[in-house]
Asks: 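My questions all concern the structure below.
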Amino acid sequence: MNVLFPRNMPQLVKALGEPGARILAGGTDLLVRLRAQPDAKLATLVSLDRVAALRGVALEKPGTVLRIGAASTHAELLAHPLVRARLPMLAQALATLGSPPIRNMGTLGGNICTASPAGDTLPPLLVLGAELELASASGTRSLPLADFLLGPGRTALQPGEALTAVRVPLPEPSARQHFEKVGRRDALAVAVVSLAALVRTGGKGAITSASLAWGAVAPGIWRCPEAEAALVGRKLTLSALNSAARIASSRVQPISDVRASADYRRSVTGNLLLRLAAL
Amino acid sequence: MKLAFTLNGALVRVDADPDQRAVDLLRELNALDVKEGCGTGECGACSILVDGVHKLSCLLLAAQLHGRELTTAAGLGSVKNPHPIQKAFAEHGAVQCGFCTPGMTIAASALLAANPDPTRDEVRQGLSGNLCRCTGYVKIVDAVRAAARKGDGGEA
Amino acid sequence: MSPKSRVSAAQRPCPQPSVRADALSKATGAERYALDLAPADCLFAGAFRPGAPSGSSPGIAHGRVRGLDTAAALAEPGVLRVLTAADVPGTNLQGIVHKDQPVLCGEVIRHAGDPVALVLAVSAEALRRGLAALRADIEPLPGVFDPAAALKKGAPLVHAQGHAAPKGGNLLLRAVIEKGDARKALRDAPVVVRGEFSTPAQEHAFLETQCGFAQVLPDGVLDMTVSTQAPFRDRFEIGHALGLDPFRIRVRAPYLGGGFGGKDGATVQCLLALAALKAEGRPVRMAWDREESILAGYKRHAVRLRCELGADSDGTLLAYSCRALYDTGAYAHLGGEVMELGMEHAAGPYRVPHTFVEGRCVYTNNPVAGAFRGFGVAQMSPAFEGLMDALAARLGMDPQALRRKNALRTGDTNSSGVTLTSSAHLAECLDALEAHPLWAGREAWREAAPPFIRRGVGVAAVFNGMGYGRGLPDMAIAKLELTGEGDFLVYSAVADMGQGNAAAFATLAAQELNQQPGAVRLLQPDTERCHPSGSSSAGRTTYTFGNALLKACAAMRDKLLSRAALFLLADDIAALELVPGAVRHKATDRMLPLAVLGRALERDDRVCVAEFLMPVAQDPPDTGRGFVIGFPHLFFAYAAHLARIEVDELTGRVRVCDYVCATDGGRVLDRSCFDQQAQGGAAQGIGFALTEDFSTRQGLILTGDLSTCLMPTALDLPDILSLAVEGDEPTGPRGLKGVGEVGLNGPAPALASALEDATGVRLRDFPLAPERVLAALKQRQGRARRKA
């Protein structure tokens with residue numbers, strides 16, 4: 001197997017045109033999967049290691065959008081002051097992802113393209129309304145993350161195409177951001193259930209919008225508009241959260257696996273909302 | 001594929017399969033202090049520093065090492081001239097079977113480079129990608145705290 | 001050990017080593033483990049285990065081998081040989097006590113990790129391709145995966161045929177310990193509590209997987225270097241399985257990267273030896289990857305218990321009965337012996353006049369169970385301590401007072417009928433916990449729980465036998481050499497898997513010979529250079545070999561003084577003494593350097609060998625029936641553990657906030673090593689109790705890698721505090737007892753007790769997984785609501 005190291009975008013796009021080429025980002029998912037199931041058709045790995053244009057964080061659109069290079073590592077983002085200050089729910093998700101060396105290697109783009117239902121950054125990016133920038137020989141296009149994720153391990157990424165950047169709209173500082181991941185241990189854990197919540201309140205504390213997304217309870221990241229709707233107009237109290245929790249628990253249809261049963265996931269899907277009362 | 005990189009301060013030129021795992025190449029190069037515990041990034045035994053960053057050599061390909069500066073535990077210090085972290089591990093009882101230790105000291109050195117005076121919780125956070133089955137971590141945390149107080153990289 | 005030697009050591013204290021002898025070479029990555037020593041020109045051997053789930057098969061745990069297609073594998077470049085059962089020259093049966101496990105399976109696979117072929121290749125890559133190209137035709141057979149179902153009439157037989165077919169169907173061993181009349185005593189007891197308990201299998205998860213290398217030398221000797229806990233016994237196991245003369249097998253055991261029981265017995269040994277026999281004199285290496293290690297390695301026995309505890313109304317224990325079911329998996333390994341030790345501990349570290357313990361160890365098509373730190377006992381402690389808590393609650397007694405009241409002391413008769421002539425300080429361990437601020441401040445701490453969090457505090461008292469027990473001599477033979485250069489070489493004959501026994505030997509020898517720590521060097525076990533000294537297991541290594549070594553040191557001292565007398569013209573040996581680096585004439589201060597003595601003496605005269613046999617219970621009670629070996633034990637380490645936990649009401653997750661172990665391991669030789677054992681044992685016990693959850697379905701492992709087999713990370717454990725309750729074991733080297741095992745037995749009961757304190761629910765099935773905790777919380781809320 002060949003490994004290519006493009007240095008810039010034109011080289012990257014060209015490399016992706018090689019037959020049987022596949023992107024190697026941090027390698028923390030791909031190389032583990034290839035170890036378990038070698039892929040005879042895979043002829044070329046295109047490493048993003050040395051494409052400088054894919055790294056870094058920048059403010060765009062006078063301070064309302066953060067553009068994150070897709071090959072930025074989780075550790076780089078976790079250390080970034082703007083991510084910490086303006087996207088605390090993403091920072092919380094990154095802090096629970098894998099372990100320090102995994103965060104030093106894994107990239108945000110990799111976490112997105114792996115498209116695992118348990119992908120730690122996906123629920124926060126979804127409720128934040130992230131948009132993806134995709135590049136190929138035919139140019140670049142933009143796609144909401146929600147449209148990019150098609151199912152477990154499946155995305156709208158086309159052959160010859162690379163995810164180059166993630167654009168995250170910055171919520172106003174008054175919006176509440178919350179992320180919680182339930183794993184079986186506190187590091188090196190795959191999410192059993194995770195919840196990202198973005199809640200805005202108006203005058204007198206009434207909720208004006210609630211954006212909720214759960215990880216690891218459905219084939220994709222799970223949304224529950226009914227639970228969101230149940231919160232709007234009410235204050236962020238235990239009773240309001242209990243109503244939303246009941247709705248979420250009754251609607252979610254998780255599976256059982258080695259990490260947890262469907263029943264457990266169903267209970268915790270609702271329960272995690274209650275934590276918002278303690279914020 | 002012809003590769004050139006620095007391994008513990010020495011320039012290495014080697015012809016290797018690009019998709020060979022870094023951990024295998026390093027061990028072929030007699031860097032036997034690099035251990036393999038799982039091959040899937042779950043244990044940290046194969047930890048090395050790549051340009052000063054703590055990474056896992058079981059999830060790196062040989063080709064990715066080209067042009068990089070690599071440090072393994074043996075590059076931190078030796079029995080005759082141990083690194084303060086290695087000395088602290090020995091003195092504070094942080095070593096039992098010792099199989100996780102090279103990786104653990106690499107993780108500790110990366111942690112102290114970024115945070116010279118970590119709390120016990122921060123040490124635990126920093127070492128949370130490196131599993132130890134023998135110690136329960138208490139004395140490892142003791143050792144890293146002790147090395148921090150003496151100043152990482154300085155004279156112990 | 002002579003009393004004199006202790007006095008002399010006390011009179012002239014030698015500097016204590018500041019670090020374990022092996023610590024710095026390990027800390028710098030310089031230490032070489034088995035695989036690191038493999039020559040560069042090694043061939044690669046690997047086992048083909050067709051029952052394992054793969055892309056093309058969901059996995060088979062029990063099946064008939066109908067055929068094996070080796071053509072494609074042999075056609076792979078670099079693949080030299082594909083060996084099958086037909087190529088195995090001996091009995092093709094391995095096993096420590098019962099020989100029932102084929103090296104390569106020819107007719108039947110009995111668990112998903114059973115090997116049917118061994119591939120020999122020139123490189124790791126060729127080996128991988130060769131293994132991938134092998135095809136086996138396996139006809140699935142009905143399997144049995146539940147030990148209770150395995151005992152039913154008509155259950156599929158795990159060993160239906162062959163040499164090992166047991167008379168009792170799937171029953172490997174039934175045994176009983178009976179003292180007094182437990183049935184009557186339970187009937188008459190004013191208070192009786194009962195319960196059913198279960199604990200899961202557990203993966204050892206040593207960081208260094210099973211590995212080694214081997215070569216047939218030109219003189220025909222099979223020379224092996226293996227990560228093994230029992231190099232001397234390995235020779236016999238290999239010899240029996242492969243039809244080789246065990247004395248033509250040399251096994252070397254460098255430092256292990258962890259063992260914990262899982263490298264006691266053949267792992268790679270027989271396969272590697274077979275590969276070497278067919279390698280035409282070339283060295284061969286074998287290293288299991290992590291998945292193979294979990295698939296084919298030994299586990300802790302999953303156990304189910306039904307127990308009853310009867311007491312007087314003042315809390316005096318009267319009777320205990322226990323029925324235990326041990327799942328040994330597909331092969332016996334040490335199943336009967338593991339169960340024996342568990343049964344001996346069934347009634348806890350308490351005075352119980354009437355006991356009835358029945359154990360059944362059963363074959364299933366599950367992964368093979370074997371030795372694991374806490375050897376059968378870790379499965380018992382949640383039950384006996386669970387019932388002690390239940391009894392205290394029933395009587396309205398303080399649980400710690402109840403434990404202290406019944407705690408075994410020296411001179412008591414234990415539940416197997418053995419009179420304890422050995423040291424026993426459990427009550428002092430409980431005192432140490434009660435005096436600790438974490439106990440004293442528990443009420444305030446519990447009250448201060450944040451929203452959605454409940455806090456609880458629990459205590460457990462545990463113990464663990466030391467040594468092999470009666471019927472198997474627990475013997476070690478120490479060899480000590482004054483080298484030609486005048487320093488000392490200890491021929492350590494018990495493998496060091498990380499517990500630090502080798503370093504302890506160096507410390508003991510340096511102290512006993514009054515030398516600087518650096519003057520004693522260590523040779524790791526090598527069957528050609530050291531003397532048989534048993535396995536590294538059972539908390540026996542430092543005790544048994546240490547005692548032998550002290551005798552060898554005393555002999556060496558006497559020898560050196562008498563030889564030096566000639567040089568120093570001293571006609572009274574008592575006028576001489578050993579000082580660092582020399583023999584000194586006390587009156588005149590004249591010195592004879594040991595370097596001179598080393599050069600002067602013939603090599604044969606520079607060596608001292610001495611043996612020690614662990615004492616056993618005299619006039620053993622006739623309370624045990626059915627045991628092959630190992631009943632009863634005489635020496636026990638004791639401990640009391642305290643856990644403070646938080647339970648998340650929303651997720652059921654348990655977080656261990658504080659943990660304290662107070663341990664009676666006799667006198668403490670090296671405080672750091674002592675704490676390492678307490679902390680490490682507790683850490684593994686916490687993993688066992690909370691997260692690890694080794695699981696199978698239809699014999700197929702669900703937790704087959706380290707992302708699902710969850711040992712605790714640095715973030716999952718608190719700073720485990722270790723308190724030493726120093727007694728004095730008069731038979732121990734410097735008064736110590738083995739302390740390696742007992743720490744594992746405390747966490748499961750202590751955490752279950754803390755969980756009950758936090759939630760009001762006692763869980764009796766382990767692990768205390770979020771799933772179970774949340775369900776219990778829900779049930780209790782439901783009950784509370786119905787009551788309201």
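Letters A, B, ... mirror the listed sequences (proteins, then strands); counts begin at 1.
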Asks: Using every non-hydrogen atom in the two residues, find where B:Gln125 and A:Arg103 come nearest and quote the distance to one decimal.
Replies: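 In this case the closest contact between B:Gln125 and A:Arg103 is OE1-NH2, 3.5 Å.
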
Asks: What's the separation between atom CG in B:Asp17 and atom CG in A:Asn2, rounded to the nearest 0.5 Å?
Replies: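 The CG atom of A:Asn2 is 11.0 Å from CG of B:Asp17, to the nearest 0.5 Å.
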
Asks: Measure the spacing between OG1 of A:Thr28 and NZ of B:Lys55 and express it to the nearest 0.5 Å.
Replies: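 A:Thr28 atom OG1 to B:Lys55 atom NZ measures 11.0 Å (nearest 0.5 Å).
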
Asks: Let me know if B:Ser47 has heavy atoms under 4.5 Å from chain A in its side chain, its backbone, both or neither.
Replies: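 For B:Ser47, no heavy atom lies under 4.5 Å from chain A.
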
Asks: Quick one: which of A:Leu4, A:Val3, A:Leu45 gives a side-chain contact (heavy atoms from CB on, under 4.5 Å) with B:Pro18?
Replies: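 Of the listed residues A:Leu4, A:Val3, A:Leu45, the side-chain contact (heavy atoms from CB on, under 4.5 Å) partner of B:Pro18 is A:Val3.
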
Asks: Can you tell me which portion of A:Leu24 sits under 4.5 Å from chain B's heavy atoms? Options are side chain, backbone, both or neither.
Replies: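 Contact with chain B is through the side chain of A:Leu24 alone.
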
Asks: If I compare all heavy atoms of A:Leu188 with all of B:Gly129, which pair ends up nearest, and what's the gap?
Replies: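 Residues A:Leu188 and B:Gly129, closest heavy atoms: CD1-CA, 4.1 Å.
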
Asks: Output the distance between atom CE (A:Met105) and atom NE2 (B:His54), rounded to the nearest 0.5 Å.
Replies: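 That separation rounds to 9.0 Å.
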
Asks: Which answer fits B:Cys43, side chain, backbone, both or neither, if we ask what part of it has an atom under 4.5 Å from a heavy atom of chain A?
Replies: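 It is neither, since no heavy atom gets under 4.5 Å.
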
Asks: Search all heavy atoms of B:Thr40 against all heavy atoms of A:Val32 and return the closest pair with its distance.
Replies: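 Here B:Thr40 and A:Val32 meet closest at O-CG2, 3.6 Å.
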
Asks: Measure the spacing between CG of A:Leu31 and CD of B:Gln64 and express it to the nearest 0.5 Å.
Replies: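 Answer rounded to 0.5 Å: 7.0 Å.
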
Asks: Kindly list each side-chain donor-acceptor pair under 3.5 angstrom involving residues 93-102 of chain A, sequence neighbours excluded, with atom names and distances?
Replies:
{"unit_1": "A:Thr96", "atom_1": "OG1", "unit_2": "A:Ala93", "atom_2": "O", "d": "2.9"}

Asks: Could you tell me which portion of B:Leu111 (side chain, backbone, both or neither) has an atom closer than 4.5 angstrom to a non-hydrogen atom of chain A?
Replies: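 No part of B:Leu111 comes within 4.5 Å of chain A.
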
Asks: Can you tell me if A:Arg176 has over 12 outside heavy atoms packed within less than 6.0 Å of its CZ?
Replies: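 Open: at most 12 neighbouring heavy atoms sit under 6.0 Å from CZ of A:Arg176.
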
Asks: Could you give the distance from CG (B:Leu59) to CZ (A:Arg35), rounded to the nearest 0.5 Å?
Replies: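 Here the rounded value is 9.0 Å.
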
Asks: For B:Glu69, I'd like to know if atom CD has over 12 heavy atoms of other residues, nucleotides or ligands within 6.0 Å.
Replies: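 No.
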
